[in-house]
There are 2 protein chains.
Amino acid sequence: MTNPLVMFLSRRDDLSTDEIAALDALTLNSQDYAAGTAMIRQGDRPTSSILVLEGLAARAHYLADGKRMISALHVPGDYVDLHSLLLDQMDHDVTALTDCRVALTAHPEVRRVTERLPHLGRLLWLATTIDAAMHRAWIVALGRMSPLSHMAHFLCEMYIRLDIVGLAKDYSYRLAITQIDLADMLGLSVVHVNRTLQDLRATGMVSWVGSTVSIKDWDGLRELAQFEDAYLNLNKRAR
Amino acid sequence: MTNPLVMFLSRRDDLSTDEIAALDALTLNSQDYAAGTAMIRQGDRPTSSILVLEGLAARAHYLADGKRMISALHVPGDYVDLHSLLLDQMDHDVTALTDCRVALTAHPEVRRVTERLPHLGRLLWLATTIDAAMHRAWIVALGRMSPLSHMAHFLCEMYIRLDIVGLAKDYSYRLAITQIDLADMLGLSVVHVNRTLQDLRATGMVSWVGSTVSIKDWDGLRELAQFEDAYLNLNKRAR
DNA sequence: CGCTTGCTTGACGACGTTCAAGCTTTGTGG
DNA sequence: CCACAAAGCTTGAACGTCGTCAAGCAAGCG
C-alpha cells in the first residue's frame with residue numbers, strides 16, 4: 001500500500017524521489033493500538049512522532065467533571081504528533097477510536113530530515129498549519145452552526161480527507177465511530193446527536209448504515225454545511 | 001520598545017544575538033490599521049506575513065446568514081499570518097478589533113531566514129503549533145464548558161499571553177473589545193454574554209471596568225476555568 | 001445464551017436565544 | 001460647551017433548543 005503521508009503531501013505539492021524516499025524511511029517502524037487505547041497520554045513528553053497509517057485516532061481532552069471533548073479526528077496520512085517535536089508536554093490524550101496502525105519516528109530523525117531537506121521540512125510545517133486550519137473550521141462550526149449543519153460539515157470534511165488518501169469511493173466511506181465519539185466532537189449530548197442524525201438522514205442527503213457513510217447529495221450537503229474546502233489547501237502548488 | 005516577537009519566542013527558548021537581529025530585521029516595515037478595518041480578507045493570497053506590534057486583531061469567519069465567528073484573537077507578538085507563507089488562500093478575514101500597528105514581511109524574506117537559521121525556523125514553526133494548541137483549548141471550551149467557565153478561561157488565557165509580552169501588570173490588563181466581539185469568540189448571543197459577565201463579576205474574582213480587566217482572585221478564576229497553561233508552552237527549552 | 005455496549009425514544013426542565021425597549025457612554029459638529 | 005447621534009450596554013419576557021433522566025431495544029461477543 002502507498003504511504004498515506006506521501007498521498008497527503010503530494011496532493012499539495014510535488015515531491016521529489018529523494019523526498020519520497022525520506023518519508024518512507026520515516027515510516028518504517030509500525031505499531032498497533034487496539035480501539036479504545038491511548039497512544040499518548042496527557043502529561044507525556046513524547047520522544048517520537050506518530051503518523052496514522054490505518055484507523056482513526058482522536059485528540060481527547062478530559063474535564064474535571066469527567067466530560068470529554070474531542071478536538072480533532074485523525075485519519076491515515078495525518079501526522080498526529082508532529083507538534084510534539086516542538087511542544088513541551090501533551091495537554092491531552094491521543095486515543096485510538098478504532099484499531100490503528102501507526103508509524104513511530106524518533107524526534108531527532110524527523111529533525112534531521114527537515115534540516116537536510118528544507119522543502120520537505122516546509123511541507124511538514126504545512127501539515128501542522130492545515131491542522132490549525134481544520135481546528136478553526138471546527139471552532140466556527142461549534143460556535144455558530146446548528147447541530148444539523150455542523151454534522152453535515154463534519155461529514156463533508158471527512159469525505160474530502162479520506163478521499164485524499166484513497167479511502168473514499170463514490171461519495172462513500174467507512175467511519176467506524178460511535179455516537180458517543182460523535183457527541184464529543186460536536187459538543188452535544190448523545191441523545192441530541194442521535195436525533196440530529198435522524199434529521200440528517202431524513203433529508204435524504206446522507207445514509208449512514210453500520211459504519212458506512214454514503215453521501216447521496218453532495219451539493220445539497222455542502223450547502224447545508226456551508227462547506228468550502230479552501231481551508232484544506234487542496235491545490236498543488238510550490239510551497 | 002522591545003520587539004514583542006522576541007519576547008514571545010525568548011520565553012520559550014534562548015535566542016542568539018544573530019537570531020534576534022534577524023527577527024528585528026523582519027519587523028522593519030510597520031503599518032497601521034484603524035479599529036474595525038480588515039488587514040486580510042477572505043480569498044486573499046497574501047504575499048507578506050503580518051506580525052502584530054500593537055493592538056488586537058481577530059480571525060473572523062462569516063456565515064451565509066451574516067453570523068460571525070471569531071476563531072482566534074491575536075495580541076502583540078503574534079505572527080498572525082505566518083500560515084499564509086504556506087497556505088493557498090485565506091478562508092477568513094483578519095480584522096483589527098482595536099487600532100493596530102503591525103509589521104509586514106515579504107514571504108521570500110521569511111523563507112530565507114528560516115533556511116539560513118534553522119533553529120529560528122523551528123521557533124517560528126513552534127509559534128504556529130502554539131496557535132493550534134490555543135485553537136484546541138478554544139474547541140474544548142466551546143464544546144464542553146459552561147459560558148461562565150469559558151469566559152473565565154478566556155480571561156486567564158489573555159492574562160498569560162499579554163503578560164508574556166509585557167502588557168499585564170498586577171493581574172491587570174487592557175482589553176478594549178466589545179461584548180459583541182466577545183459573543184463572537186464564545187459562540188454566544190450578546191445578551192447572554194452580558195448576563196454571564198455579570199455573573200462573573202458577582203463572583204468577585206474579576207472586575208472589568210471600561211477596557212481594564214483586573215483579576216482579583218487568580219486561583220479561583222483558574223479553578224472555575226479549569227485553566228492549565230501547559231498548552232501555551234511557557235517553559236524555556238531547547239527546541 | 002446472557003452480558004455489555006451502543007442506539008433509540010419519550011417526558012420534562014434548564015439554559016440560552018430572540019425580540020424589544022430603555023439606558024449609558026462616547027464622539028462629533030454646531 | 002452643549003446637542004444630538006451612534007454605538008454599546010443592560011434589562012425583561014417569551015420562546016425554543018438542547019440536556020438530563022429513564023427506560024427499552026438491537027447488536028455484537030465471549
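All values below were derived from every heavy atom in this structure, side-chain atoms included, with hydrogens, water molecules and symmetry-related copies excluded. A note on names: the letters A, B, ... follow the listed sequences, proteins ahead of strands, and every chain is numbered from 1.
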Hey, is the side chain of [X] poking within less than 4.0 Å of OP1 or OP2 on [N], counting only N and O atoms?
| X | N | answer |
| --- | --- | --- |
| Q198(A) | dT9(C) | yes |
| Q179(A) | dT5(C) | no |
| R201(A) | dC7(C) | no |
| N194(B) | dT10(D) | yes |

With a 4.0 Å cut-off on N to O distance, would you call [X] and [Y] a salt bridge?
| X | Y | answer |
| --- | --- | --- |
| D91(A) | R59(A) | no |
| K169(A) | D163(A) | no |
| D78(B) | R161(B) | yes |

Return the orientation label for the F227(A) and H153(A) ring planes: parallel under 30°, perpendicular over 60°, tilted otherwise.
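Answer is perpendicular, since the angle exceeds 60°.
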Return the value, rounded to whole Å, for the distance between atom [atom1] of [X] and atom [atom2] of [N].
| X | N | atom1 | atom2 | value |
| --- | --- | --- | --- | --- |
| L188(B) | dT17(D) | CG | P | 18 Å |
| L200(B) | dT10(D) | CG | P | 13 Å |
| H192(B) | dC19(C) | NE2 | C1' | 17 Å |
| D184(A) | dG19(D) | CG | P | 11 Å |
| M145(B) | dC15(C) | CE | C1' | 18 Å |
| D199(A) | dT9(C) | CG | P | 11 Å |
| L182(A) | dC7(C) | CG | P | 9 Å |
| L148(A) | dT17(D) | CG | C1' | 13 Å |

Between I177(B) and V191(A), which has a closest nucleotide on DNA chain D that is more 5'?
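First, find each residue's nearest nucleotide; the 5'-ward one identifies I177(B).
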With a 3.5 Å cut-off and no angle check, do the side chains of S71(B) and H61(B) form a donor-acceptor pair?
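Note: S71(B) and H61(B) side chains meet the donor-acceptor criterion.
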Heavy atoms only, 4.0 Å cut-off, all strands: where does G36(B) land among base, sugar-phosphate and nothing?
nothing
Taking dC18(D), dT20(D), dG8(D) as options, the one with an atom nearest any side-chain atom of T178(B) is dG8(D)
